Amino acid sequence: MTLSLRDVQYQWPGRSGFSLSVPELDVAKGETVLLLGESGSGKSTLLSLICGTILPNHGTISIDGININRMSGGKRDQLRAEAIGVIFQQFNLLPFGTVRDNILLPLHFAPKRRERVRTLKAEVEKLCAALDLPKGIEKTKANTLSVGQQQRVAVARALIGHPPLVLADEPTSALDAATQTSFLKLLFDQTASHDTSVVMVSHDPRLGDHFDRVIQMKDIASFERGLI
Amino acid sequence: MILRLAIASLFARAVTVGMTILAIALSVALFLGVEKVRAGAKASFADTISGTDLIVGARSGSVQLLLYSVFRIGSATNNVTWESYQDIANRPEVDWIVPISLGDSHRQFRVMGTTTAFFDHYKYRQGRSLQITDGAVISDLFDAVIGADVAKTLNYDVGDPIIVAHGIASFTDHKDQPFRISGVLDKTGTPVDRTIIVSLRAIEAIHVDWKGGGKKPGQSTPAETLRVMPLDPQAVTAALVGVKNPLQTFTLQRAINEYPREPLLAVLPGVALQELWSIVGLAETALLAVSVMVVVTALIGMMATLFASLSERRREMAIFRAMGARPTTIFGLLLIEAIVMATLGALIGVALLYLILMIAQPFVDASFGLWLPITAPSAQEVWVVLAVIIASIIVSLIPAIRAYRISVADGMLVQT
């Protein structure tokens, strides 16, 4: 299993009754999963738990067979760098860096991922070409790209060095329907070739067709807002 | 690569970062400038008189003697009789001796009676001689040579008449014996600039018709008669002495201080200047403290800039975190930024100082007589740059800790 959650419970510090619990969630190697849920259904909290930036109060989370609960903060950061490619909704890139800088950024924190990339320059070019980005875009400043191009650069960054898991937080929400489809196709072409698992959260059920499995947040998790 | 990104991030905020660097640069330039002026002032203070081995006057304090004889501040309590002066002049150790007679004034400026030897032996700023800008040195009994400030303030030129007042801040003029300006001296940055120099005989001449501080009624000796009179002075206020061999300075000083017929005092100008500087020097310390505060203010400004940037950079920090950066990396990035800004600021400040020095040096010399030497950066300047960098690390710790906390709390998702 690339990702496995068991009896996970998380309570926001300082807010009584504001909690998320996920009894069971498994994502197999190479599987693509769409997590559907309305905003406020705990999707973001779940992503933070998987990434290890917050720790569950109870239960276990393992990534690529490694239980992250008992790791120190630094180790979890390290594991995230090595094992997870993250794609945000938007504003994925450091605006002042070039495309190349942005794509290579995770390798800086992940020596093993870096080892897998033989020549950085060639790998960046290969990924850019595979994701249909214009030739020679590597040296362009990220803030001059279109939103669609930025999202594809974010995919290249998530994929470089082939981490076992790619997490995406509504990466297509800023794109129009036609672009969404081609974006997902490009993403899956790349992940399929390296057996990378993909977990994408979204509120848009129309994306479901592209995925191996569609999970409703409300089926796997209970989320309490409590009294505010 | 992280360093390169940090610098790229700084470039992306070029305006605020530029302003911060400018503030640091200006404060560093100010601080070092104050230091330069201080050192220059101290040096030029010490350079007020050089080449003179001893100053001789009536017995008082060494600082007082220096003040009235060289700086023309205050007055002598007593004079040196002409006999004693001659005795000293005739001693074997004495190479040269220049008499100084003070007591009269013209407007706010003191009149000094001396001999033409003054122009040969009075030296300032490591042996520079007085130079005449305009006209010539004293040749006639009623010739006067004026300092640069006198000429500038009173708008006097060669050939202009000048009436000397009896005493200082007095209402009685030596109207019957007007002087003629024969020469104007170059700016020196010494009290000579504010002095009217006449011959020692002239001082006697204008007092021929006076007795005991008042004018003899009805008496007025014509200038022609005065010119042929012997006019030997009764006394002088002080004298500048040069010795043949520097080793004899102390022998001579001792001899003068123990002169049996009159209580006299001989001081080494350098020693008296040091004594005086230790009194005046308090102000320099205050000035230095103020410029240190300016540097501190600039650094606090940088801290404020860093703080202000944090809220708009939460996204940037979240991206770094999502890529696997630890909160300590975020902390380090902030520190690197501060170090880059402070280093650039300090270096630009040093460069700015030298640029200003190059432009202002002749102007400052001409208007204030203050010579600011341009030398290679000293160890002190290197220390200042290092101190600014270290201080920047200290002040940037606070925003860096804040960034650390934000990045722990936000994780990779910006909570807005």
Side-chain angles (χ1 to χ4, degrees), chain A residues 12-13 43-55 72-98 100-114 120 141-143 154 157-158 160-161 163 167-169, chain B residues 1-18 20-21 305-306 308-334 336-337 340-341 344 400-401 403-416:
Chain A
W12 279 94
K43 291 178 295 184
S44 301
T45 308
L46 183 59
L47 284 184
S48 293
L49 282 168
I50 296 170
C51 284
T53 54
I54 54 177
L55 272 182
S72 68
K75 283 267 161 57
R76 275 183 277 129
D77 290 333
Q78 179 88 49
L79 183 74
R80 175 169 70 257
E82 294 286 5
I84 306 175
V86 179
I87 307 167
F88 294 119
Q89 212 164 350
Q90 50 179 325
F91 312 118
N92 266 294
L93 308 180
L94 297 175
F96 45 79
T98 61
R100 211 171 114 83
D101 290 336
N102 273 287
I103 294 175
L104 294 177
L105 187 61
L107 300 189
H108 192 84
F109 306 102
K112 280 184 208 146
R113 238 169 113 178
R114 189 185 174 124
L120 297 177
K141 274 268 164 73
N143 57 3
R157 186 180 59 188
I160 195 157
L167 281 185
D169 184 5
Chain B
M1 173 179 156
I2 287 287
L3 182 68
R4 206 161 55 77
L5 279 175
I7 289 166
S9 167
L10 283 175
F11 266 105
R13 287 171 281 129
V15 176
T16 42
V17 168
T20 309
I21 291 174
T305 312
L306 285 176
S309 76
L310 288 186
S311 56
E312 65 189 57
R313 294 168 69 199
R314 286 174 79 175
R315 171 58 63 180
E316 181 186 326
M317 292 192 259
I319 293 171
F320 271 108
R321 288 282 283 138
M323 295 307 118
R326 297 173 188 197
T328 40
T329 309
I330 308 289
F331 180 85
L333 275 176
L334 261 277
I336 287 172
E337 256 184 41
V340 168
M341 282 198 269
L344 272 180
I401 288 167
Y404 179 94
R405 292 214 175 120
I406 289 176
S407 66
V408 168
D410 277 3
M412 38 176 256
L413 302 162
V414 179
Q415 316 289 334
T416 43

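Below, chain A is the first sequence line, B the second, and so on; all start at residue 1. Nothing here was measured: the structure is a model prediction, and the numbers come from that model.
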Inset, instruction - Under 4.5 Å heavy-atom distance to chain B, tell me which part of Asp169(A) shows up: side chain, backbone, both or neither. - result: side chain
Inset, instruction - Kindly compute the distance separating CD1 (Ile84(A)) from CE (Met323(B)), expressed to the nearest 0.5 Å. - result: 10.5 Å
Legend entry - Interface moiety of Arg4(B) toward chain A, non-hydrogen atoms closer than 4.5 Å: side chain
Inset, instruction - Would you mind checking which part of Arg157(A) comes under 4.5 Å of any heavy atom in chain B, side chain (CB onward), backbone (N, CA, C, O), both or neither? - result: side chain
Legend entry - Test item: Arg80(A) and Arg321(B) side chains (from C-beta on) under 4.5 Å apart, heavy atoms: yes
Inset, instruction - Tell me, please, which residues at least two apart from Leu5(B) pass side-chain contact (heavy atoms from CB on, under 4.5 Å). - result: Leu94(A), Phe96(A), Asp101(A), Leu105(A), Met1(B), Phe320(B)
Inset, instruction - Can you tell which part of Leu93(A) gets under 4.5 Å to a heavy atom of chain B, answering side chain, backbone, both or neither? - result: backbone
Inset, instruction - Work out which heavy atom in Ala81(A) is nearest to a heavy atom in Gly324(B); give both atom names and the distance. - result: CB-CA, 3.7 Å
Inset, instruction - Determine yes or no for a side-chain-to-main-chain donor-acceptor pair under 3.5 angstrom, with Arg326(B) supplying the side chain and Gln78(A) the backbone. - result: no
Inset, instruction - Mind checking side-chain contact (heavy atoms from CB on, under 4.5 Å) for Pro163(A) and listing every partner two or more places apart, or none if nothing turns up? - result: Arg113(A)
Inset, instruction - Assess whether atom CZ of Arg13(B) is packed by more than 12 heavy atoms of other residues, nucleotides or ligands within 6.0 Å. - result: yes
Inset, instruction - Measure distances from Thr329(B) to the heavy atoms of chain A and classify the residue's part below 4.5 Å as side chain, backbone, both or neither. - result: side chain
Legend entry - Nearest heavy atoms of Ala322(B) and Val86(A), plus distance in Å: O-CG2, 3.8 Å
Inset, instruction - For each of Lys141(A), His108(A), Glu82(A), tally heavy-atom pairs with chain B at distances under 4.5 Å, and name the one with the top tally. - result: His108(A)
